[in-house]
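This report refers to the structure that appears directly beneath it.
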Amino acid sequence: MEETLQEIFSRHHGTRDALIPILQDIQGSFGYLPPEAMDAAARFCRVAPVEVYGVATFYAQFKFQPMGKNIVMVCQGTACHVMGGERVLQEIERRLEVKPGQTTEDGEYTLETVACIGACGLAPAVIVNKETHGQMKPERVAEILNGNGD
């Protein structure tokens, strides 16, 4: 980890202004923000660790747990909710045996909910690995999950 962090730090100035790009690079390398990497970023940028944590928790893009190989995002927007998104989410939870924010034990899937994915005309919608699946029904959950574990 130390070698990777040094390589990341070599591309940035050790200032507060570099903190977000550094955290993005750390997450890009490790898939999430390990606590020891956040501490190292604090030392490099000469800020308190609590400040790094504050920045990282403010932005939804930053993750504190390793993510699965496949990311499943279920829209919770109004249109998706009205069109049955909750039933789709429940079926995904049942099949993956995880709740939103969790990763399957085998590391294959991470389940997330999002406020809106901007595909209201396709409601209810689910994104799996950046591929949008619209007009979802619980019966189609197995199909979209099985198509993404290879």
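Along the sequence shown, the residues carry numbers beginning at 1. Since we're looking at a predicted model, the values are computed, not measured.
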Kindly work out whether a path of hydrophobic side-chain contacts (I/L/V/M/F/W/Y, heavy atoms less than 4.5 Å apart) joins M67 to V98. no

Could you tell me which non-hydrogen atom of A115 sits nearest to which non-hydrogen atom of C75, and how far apart they are? O-SG, 4.2 Å

What distance do S29 atom OG and M1 atom CE have between them, rounded to the nearest 0.5 Å? 10.0 Å

Between CD on residue Q6 and OG1 on residue T4, distance to nearest 0.5 Å: 10.0 Å

Shortest non-hydrogen contact between F9 and I22, atoms and distance: CE2-CG2, 3.7 Å

Of the non-hydrogen atoms in T103 and G107, which two are nearest, and what is the gap between them? CG2-CA, 4.0 Å

Single-linkage hydrophobic cluster, 4.5 Å side-chain cutoff, F44 and F30 together: yes

What distance do T113 atom OG1 and K99 atom NZ have between them, rounded to the nearest 0.5 Å? 11.5 Å

Does the side chain of Q102 reach to within under 4.5 Å of the side chain of L96, using non-hydrogen atoms? no

Are more than 12 heavy atoms, taken from residues, nucleotides or ligands other than Q65, located less than 6.0 Å from that residue's CD atom? no

Salt bridge or not between E91 and R95? Use side-chain N to carboxylate O under 4.0 Å. yes

Of the non-hydrogen atoms in R11 and D25, which two are nearest, and what is the gap between them? NH2-OD2, 3.0 Å

Output for pair (C80 SG, E86 CD), nearest 0.5 Å, gives 11.5 Å

Any non-hydrogen side-chain atom of H12 less than 4.5 Å from a side-chain atom of P21? yes

Minimum heavy-atom distance L89-Q76, with the two atoms named: CD2-NE2, 3.9 Å

With the side chain counted from C-beta on, respond yes when P100 and V74 share a heavy-atom pair under 4.5 Å apart, and no when they do not. no

Are there over 12 heavy-atom neighbours, none belonging to R140, within less than 6.0 Å of that residue's CZ? yes

Taking the side chain as C-beta and beyond, is there a heavy-atom pair between P138 and R87 under 4.5 Å? yes

Partner set under salt bridge (Lys or Arg N to Asp or Glu O under 4.0 Å) for R43, not counting sequence neighbours: none

Just wondering, do N70 and T110 contact through their side chains at under 4.5 Å, heavy atoms? no

Can I get a per-line list of side-chain donor-acceptor pairs under 3.5 Å for residues 117-128, giving both atom names and the distance, sequence neighbours left out?
none

For residues 53-64, please give each side-chain donor-acceptor pair under 3.5 Å, one per line with the distance, not counting sequence neighbours.
{"residue": "T57", "atom": "OG1", "partner": "Y53", "partner atom": "O", "Å": "3.0"}
{"residue": "T57", "atom": "OG1", "partner": "G54", "partner atom": "O", "Å": "3.2"}
{"residue": "Q61", "atom": "OE1", "partner": "Q24", "partner atom": "NE2", "Å": "3.2"}
{"residue": "K63", "atom": "NZ", "partner": "A60", "partner atom": "O", "Å": "3.2"}
{"residue": "K63", "atom": "NZ", "partner": "E112", "partner atom": "OE2", "Å": "3.1"}

So if you build clusters from Ile, Leu, Val, Met, Phe, Trp, Tyr with side-chain heavy-atom gaps below 4.5 Å, do V141 and M73 land together? no

Does the side chain of C45 come within less than 4.5 Å of E51's, by heavy atoms? no

Between T15 and D17, does the side chain to side chain donor-acceptor pair (under 3.5 Å) criterion hold? Intermediate values first, please. CA-CA 5 Å; T15 63; D17 294 344; 4.8 Å; no

Can any side-chain N or O of R16 pair as donor or acceptor with the backbone N or O of R46 at less than 3.5 Å? no

Between V114 and I71, is there shared hydrophobic-cluster membership here, with clusters defined by ILVMFWY side-chain heavy atoms closer than 4.5 Å? yes

Hey, mind stepping through L5 and E36 against side chain to side chain contact (heavy atoms under 4.5 Å, CB included) and telling me if it holds? CA-CA 10 Å; L5 290 173; E36 54 273 16; 6.0 Å; no

Is the count of non-hydrogen atoms from other residues, nucleotides or ligands lying under 6.0 Å from E97 atom CD greater than 12? no

Considering all heavy atoms, the nearest V52-M38 contact: CG1-O, 3.9 Å

